[in-house]
Amino acid sequence: MKKLTQQANFFLTAVILAIALSVMLLLLGIPVLKGFLPVFLSAALVFAVFYEKALKTIADARLIVENQILYIQPAVIFEQAPAKKAGKLTGETFEIFVSCFGILLDGRVIRFNRGKIRLKAVELGRDYIGLTYGTAEKEQQARLLCPAFGEEEEAGIARKFHDETGITVVHANWKSLTVEKGLDSAAGT
Amino acid sequence: MIRVSERKLSIIIFSLFFSWLIAFLFQGQILHALAGYHRVAIEGYIFRIIAAHFAGLFLCGFFVRTSLTAKRLMLFSLVVCLLASAVFFLPLSALWLAALLVASFLSGASVAAWGYFFKSGTPKGERLKTAASALIYTNILMIVLNMAALLISPFIGLGLAMLMLAAAVPFVLWLPETSAAAGFLPPEPDGSLAGVARPMAFLCLFIIVVTIASGMMFQAVGPAFAHLEWLTSWYWAVPYIAAIYIVKKLPRKANLTYILFLAIAMIGFSFIFFLLLDRSAPSYLLINALMMWAFGVFDLFWWSILGEMLSLGSNPAKILGMGLSANVFGVFLGGLAGLVLASAGTDSYYVTLLALAVVCVTMVLLPPLHKSLTGLLKEHEFLTVLAEMVPKEQEQLVTGLSVSGQLTKREREIAALLLKGKSYRTISAELHVSENTVKSHVKNIYAKVGVRNKTELAGLLLEKQTVRAE
């Protein structure tokens, strides 16, 4: 979410800057520089469009977070503070949220169950969750590695998916994504 | 079961009472003729009459809450109005103003109270025809009264008008004291239903905008053709009656929206012709025909909408009173604007131009206003029908959608709350989710079921229920 917000702020700053420069050019009234006015205005327009898209992505991300079914934290990067700043840890967290409206992969949003893209299948393996989504013509699958689920946790996730999306989760408890990859490699040789 | 006789009774009472009102009290020809006879400037009283009438219409619903009270009020008003009319056989005195104000207030209240019998006497879906019949007979009687006042004597006209009032008394006595069961709806199940407030506000805005133009034009057209007294005493109502008659006879499925837009165009042309043509009789015939035809269409339109809205609330006097008070308010504003401009020495040419500008604004405003209004009323109508169902029935309706594989459990929950008329905010609070989540689920519901909004969803479910019942 942080990345998305930063992105949006960047575009907003760019828009404000472009508009400010345009206004300055108008006020200064220097004929030579007036030629840049359409350039700055066009830039403002382009950044405004990107800003609007970024806001939409943030709204989607917020929706995913508010309706999360599964939360995965695959990595945390933190700096070890020097002695005098002992006790203060700064770092970066990577988070994945899975909900009935899509997947939020740190700074990337995969949308489904909105518009034409529908969530079609959910598969729960020992250490992964696979989500198949797409339109009538095209399909995509996202497989997310995650810690193994307990029985109760699995049942809870399955129930939430069913209630929110109507999809019955396929349990593939004996299947592990890493084992699968190993078998695939063996077949290759 | 609705008794036919009650419907006819309500039409007769309205026609007799309202003909007295518009021929005499409410800027009527009889009042002007009497003022002319006594050499009195009646213009000073006109706005006070309108204001008192407005007050009666607006406030009635706050103190009349049953059909028995409505009936008693109507009887009392008839007697008081008869006495007030009798004052005008005497020369001008302070009694004139007092009589005018009291009669105006009570007549306004009586018209609003009549809403109880309009609702109970006519089934839903038929109220346009009842309103049309009432307005046609009223105007026919009004022409007779006006002609009597102008061609014979103002006192004969006044006497005949009082006869109308007196004739209404036995009919009012025959009215039932309790409304038929079909006329009332159960109280709303919870406070979250918007009630009639929103469609009412839209309708009142619609009425005020249109009648401002009419009020202004009466200030300009009336004086311009005052020299054609004989013609103006009766002809002005003929296109009005014809328009209402034709719209009444249209098939039920006819799209009144196109007729409304045609009516706006006709008003616009009437103003243009008023600017371009002379003040002869043929000019008057053309201008008046266009103008009054259009106003006939508008009057019937909002009378019929108000009539249908009577079923959406529990106090018909309040609904009818407020709706008609918007009409009176628009006439007041328009007349005031016209008068102010006239006293400022503004040419009637500019008054007409201003009125034309108002018509242009109306043309721009009306399509979205009308769309919102009919959409709201349809939604309201559907939601009221659903709200009347037993909860189990409601649940079955919504379950039907999910059984056919369409809705998930969460979507079903939200659909059920949506169909109870709850707002997104309320739904989000009840289900402990964000408003955005509710909106997203609602979009999915509409997409899966193949509808565009709540109105269509409710309509679809009710249709399915009817098919199942058959």
Side-chain angles (χ1 to χ4, degrees), chain A residues 1 4-5 8 52-71 97-104 109-122 131-138 155-170, chain B residues 192 391-392 394-420 422-458 460-461 464:
Chain A
M1 275 286 264
L4 293 171
T5 317
E52 197 247 331
K53 283 197 161 172
L55 284 180
K56 251 184 129 187
T57 309
I58 290 174
D60 288 339
R62 205 168 277 142
L63 191 68
I64 292 169
V65 170
E66 282 166 359
N67 294 278
Q68 61 186 268
I69 297 174
L70 183 60
Y71 168 69
F97 295 89
V98 179
S99 91
C100 57
F101 291 117
I103 308 168
L104 175 61
V109 170
I110 298 171
R111 294 177 191 86
F112 44 72
N113 282 347
R114 300 179 77 199
K116 289 190 180 150
I117 301 173
R118 296 275 131 196
L119 180 67
K120 297 189 175 187
V122 179
L131 299 123
T132 310
Y133 51 90
T135 59
E137 294 89 30
K138 214 165 82 167
I157 293 168
R159 192 182 59 246
K160 275 190 189 168
F161 266 113
H162 187 263
D163 287 351
E164 299 286 342
T165 68
I167 287 172
T168 308
V169 169
V170 170
Chain B
S192 60
K392 201 176 174 186
Q394 271 181 20
E395 224 179 275
Q396 274 173 354
L397 268 187
V398 180
T399 307
L401 282 173
S402 71
V403 162
S404 60
Q406 283 179 306
L407 300 186
T408 64
K409 184 183 169 205
R410 178 61 102 190
E411 286 165 354
R412 219 167 58 227
E413 273 173 357
I414 289 175
L417 292 171
L418 197 67
L419 292 170
K420 281 182 181 160
K422 304 210 176 194
S423 65
Y424 290 166
R425 194 174 289 182
T426 312
I427 295 172
S428 70
E430 278 192 35
L431 298 178
H432 307 289
V433 294
S434 71
E435 234 179 282
N436 244 350
T437 304
V438 172
K439 284 180 191 168
S440 302
H441 279 300
V442 167
K443 267 192 206 152
N444 283 341
I445 293 167
Y446 293 161
K448 284 183 181 180
V449 174
V451 296
R452 284 173 300 181
N453 49 49
K454 188 161 59 173
T455 311
E456 287 184 22
L457 178 66
L460 179 72
L461 291 177
K464 285 191 174 200

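Below, all heavy atoms of this structure are taken into account, side chains as well, without hydrogens, waters or symmetry copies. A, B, ... follow the sequence lines: proteins, then strands. Residue 1 opens every chain.
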Between B/Lys448 and A/Arg118, does a side chain to side chain contact (heavy atoms under 4.5 Å, CB included) hold up when you go through it step by step? CA-CA 11 Å; B/Lys448 284 183 181 180; A/Arg118 296 275 131 196; 3.9 Å; yes
Applying side chain to side chain contact (heavy atoms under 4.5 Å, CB included) to A/Leu63 and B/Thr437, what does each step give before you reach the verdict? CA-CA 6 Å; A/Leu63 191 68; B/Thr437 304; 3.7 Å; yes
Does A/Arg111, at its CZ atom, have more than 12 non-hydrogen atoms belonging to other residues, nucleotides or ligands within less than 6.0 Å? yes
Would you find a donor on one side and an acceptor on the other, under 3.5 Å apart, between the side chain of B/Asn436 and the backbone of A/Ala59? no
With a 4.5 angstrom heavy-atom cut-off, which part of A/Glu66 approaches chain B: side chain, backbone, both or neither? side chain
Can you tell me how far CG of A/Asp163 sits from CZ of B/Arg412, rounded to the nearest 0.5 angstrom? 9.0 Å
